[in-house]
Visitor: 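Mind having a look at this structure? Questions to follow.
Residue numbering restarts at 1 for every chain, and letters A, B, ... go by the order of the sequence lines.
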Amino acid sequence: MFETALEPGEIVRQVRFPIPLAAGYAKFPNPASRYAVVGAFVARTATGVRVAITGAAPSVFRARGMEAALDGSFTPAAIAGIAVPADDLNSDPHASAAYRAHLIGVMAARAVIYAQERDQGEH
Amino acid sequence: MGLMSKPIRRTEDKRFITGKGRYVDDVKMVNTAVGYPLRTPYAHAKILSIDTEAAKAMPGVLDIIVGAELEAEGIGHLGSAFPPAMLKNRDGSPRVDGDRALLTVDYVRYVGEPVAFVIAESLNQAKDAAEQVFVDYEELPAAGLIDEALAPDAPQIWPQAPGNIALDWEQGDEAATTAAFAKAAHVTRIDLINNRVVVNSMEPRGALGTYDDATGQYELYVTSQGSHPVADTIAKRVLKIPPDRLRVITPDVGGGFGLKMSTFAEYPLVLIASKRIGRPVKWMSERTEAFQSDSHGRDLKSRAEMAFDADGQILAYRIVTDFNLGAYGLGFGPGIQSAVPMFVVGGVYTVPVLYNHVRAVFTNTVPVEAYRGAGRPEAAYIIERIMDLAARELGLGPDEIRLRNFIRAEDMPFRSCVGAVIDSGDFQRNLKDCLVQADWAGFPARKEQSAKRGLLRGRGMSYYIEKTAGGASAVTIAFTDGGRVEVGVGTSAHGQGHETTFAAIVADKLGVPFESIDLIQGDSIRAPHGGGTGGSRSLWNSGNGILKAADAVIEKGREVAAALMDTTTDTIVFDEGAFLPLLEVAAATRSGTHLPLELLEKLESGIDSAGTHDEKGETFPNGCHICEVEIDPETGKVAVVSYEVVDDFGFVLNPLIVAGQVHGGVAQGIGQALLENCLYEPGTAQLQTGSFMDYAMPRADDMPHFGFSYNEILCTTNPLGIKGCGEAGTVGAAPAVMNAVLDALWEKGVRAVDMPMTPMRVWETLRAVAG
């Protein structure tokens, strides 16, 4: 925890983002605040696929099971059966943990589709 | 002229949309102090003591008022607008309203109830001081939900209301209804929850009070729906002063929706505070306060049953409703689900007999009062949902079951089994027009297109009726020396565009320039007495009243014109294009030159005149709504993709304003059906949706394009022939949307849906039937 906390005398000098080969973001907004109930960012990079989930848990996290599946085949079908456990997810009157767990799958699949569309658009 | 029936743009809008409106918070007075209510965080607790000493020593604090002081001074309490005799229990015993002091003394009964009023130089100083007021509470068990308050071991909120029943009311004929059900070929049953909503007027509540100790005169600027009702309540009930000692002024108002009809504790408190410190005192609600302290809307549970014969004809209707009154019966609260909608519970159908049993339930929540439609949307929701369900069970189309049971145009005026006399209406025609407008026949093709995109499409219909009228408000027409026409009304616009609509009537009737007319409203001393604006009846009141006052002006004007032209009155015909314009007649009357003294003495105030529309006869606006939705089964998100309305508002005075009313009303109905939900936590009665972060207000992108048209079937009981339009959109919308949602989900096996159908609830509903 807090391994990136700023220490006295330190300054952030550089932030590096690898440019993905393809990427997509899908978000399901909270109907009231419109912040993400679940947001899924999927990136296919030269070193592999990354899947980050925001909104669903106390902090953003990587869906590593999905990453592995998408490394094999970068298609929505590849992650269709991958359930994310609801145990550690947020729960509020707008979205229970079970609903969030379900939405992670839906949003991740849509993010893959957006990434594919983007991919094709550039070629 | 001919301004009436034209879509003229609202004269108010330029100042509203360019930031030049003058709302309560824009009223600035030198040396104004800030009032801030300390609100309790407890849903239910006994107050053991209140210590304000430390708080009074805080910087900038001028005074702190507590309830015990007001009791000692004999300050009166707030209460219900319904006299006890007007709304009683079915066994004849009186209902219970509870007893609402401005600042509670012994108990707090909901989160946000004010316990002290801090007056300071600035808001932040007042807030800091409020934190230092020490209130010793003994926390008590709380019940915020209807079921919790009705449970056998529920905390008792008022000792005089055992079981937390504030009102046990009925209408109709129970025995005859039971007998009719026994003969039914088919009975449809439905259980419905009408979700609680927060009003959320764009401008929150606020008040600025002054007291002049030289004259003993109070003045209150307040955001309200009518200055006179507020003035009457404060003068008679709270301060116990002669009505002319208090002037209540309502400047521009940013939305009311029923909320601003009532008098809230903060309004007399700023007056009392001003008298105590000798300076103006202003309180302006912040949004967080508004969520806690504004009266809420809806919140009821109903079981309804409809008995049919073998042909799908209604035999009888039975409804049992429990509604959440909150901790106090205030304003119109006790009547919202009982007396207010009682003439429209049977909708637009020939219902031979019905029985409606309604109970008001005390809970540890902020009081529930009027919210756009006030009981009539709830009544329409129940009957239009059960009619749709019955159609499915009977194998009829939603249009067919309605057409079979409609009260027919040729049977107007129609006396319903509950005593409503519907003067006019052509429900068949409006429904058939709406089928065409909504391309009802083309739905299967659209459904197929949606299915190709993985979406579930549904369509829903409702046919609502409302009853509006009553509460006579006076109108005065006066001509000024400067050549302007002052029209005083007892109604009070808070977004309705009365400056435009009323001026159009005056201009047309009197042939005076539209631009020369000034509307005097929202002033308890300067404007004529009236009940304010609410219940879709201001055009009925003031519009018809203007006709009367204008007729009186013309009569007097003819006498003056005859004298000026040295002829007899019977030779003078009033014509708006006359060579002797009315403004010249008025000017001549004011100067008195060339006029016989006896005529001037007879006229007293020149040709200025007054009129009140106080004839009997309600209006029954009605119309057909057809809605289509698309549901994403993966996320549960419901999108309203089309919305069509055909209304009957009688004579339409300004089609632009009427369309705006319908759009706004439908938006509120869609909001309730799909988004809005005010939640109190089970067990603690803590408000869970206390900000826009958690309470989903509808936004523009939640709304479809609204298709709107109307048939002008004139009301026969008022001279203008108008029917009220202000709440109609809300009354019709919720059932149309929910019928569409159920239609979309029906093929998946869903058989029941409750508002609001949020994405999670749709997903859970689909998951439940998928097993």
Visitor: Side chains of A:V84 and A:M66, heavy atoms from C-beta outward: is any pair under 4.5 Å?
Guide: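 With C-beta onward as the side chain, the pair touches.
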Visitor: Please name the pair of heavy atoms, one in B:H296 and one in B:V197, separated by the smallest distance, quoted to 0.1 Å.
Guide: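 That would be CB-O, 3.4 Å.
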Visitor: So which residue, B:L679, B:T635, B:T689, B:N677, ends up with the most heavy-atom pairs under 4.5 Å with chain A?
Guide: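 If we count pairs closer than 4.5 Å to chain A, B:T635 comes out on top.
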Visitor: Pick from B:D702, B:D701, B:L675: which one has the most heavy-atom pairs with chain A under 4.5 Å?
Guide: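 Of the candidates given, the most pairs with chain A belong to B:D701.
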Visitor: Hey, is A:R100 close enough to A:D92 for a salt bridge, meaning N to O under 4.0 Å?
Guide: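 Yes, charged N to carboxylate O under 4.0 Å.
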Visitor: Sort A:Y99 into side chain, backbone, both or neither according to what part of it lies under 4.5 angstrom from a heavy atom of chain B.
Guide: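 Both the backbone and the side chain of A:Y99 come within 4.5 Å of chain B.
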Visitor: Could you have a look at A:A109, A:G105, A:A98 and say which one has the most heavy-atom pairs with chain B under 4.5 angstrom?
Guide: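 With the most close heavy-atom pairs to chain B, the winner is A:A98.
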Visitor: Between B:P759 and chain A, which part of the residue has a heavy atom less than 4.5 Å away: side chain, backbone, both or neither?
Guide: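 Answer is both: backbone and side chain atoms of B:P759 are under 4.5 Å from chain A.
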Visitor: Under 3.5 Å, is there a donor-acceptor pair between the B:E676 and B:N195 side chains?
Guide: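 Per modelled atom types, B:E676 and B:N195 side chains form no pair under 3.5 Å.
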Visitor: Side chain, backbone, both or neither: which part of A:R110 has an atom under 4.5 Å from a heavy atom of chain B?
Guide: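 Looking at A:R110, just its side chain touches chain B.
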Visitor: Within the 4.5 Å heavy-atom criterion, are B:V629 and B:L674 side-chain neighbours or not?
Guide: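 Side chain of B:V629 against side chain of B:L674, heavy atoms only: no contact under 4.5 Å found.
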Visitor: Examine whether an atom of B:T758 lies under 4.5 Å from a heavy atom of chain A, and if so say whether it belongs to the side chain, the backbone or both; otherwise answer neither.
Guide: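 Contact with chain A is absent: no heavy atom of B:T758 under 4.5 Å.
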Visitor: Evaluate the ring planes of B:F257 and B:Y371, with Trp represented by its six-membered ring, and classify them as parallel (under 30°), tilted (30 to 60°) or perpendicular (over 60°).
Guide: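 Tilted, since the angle between the ring planes falls between 30° and 60°.
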Visitor: Name the member of A:S33, A:P31, A:P93 that forms the most heavy-atom pairs with chain B at distances under 4.5 Å.
Guide: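 Option with the greatest count: A:S33.
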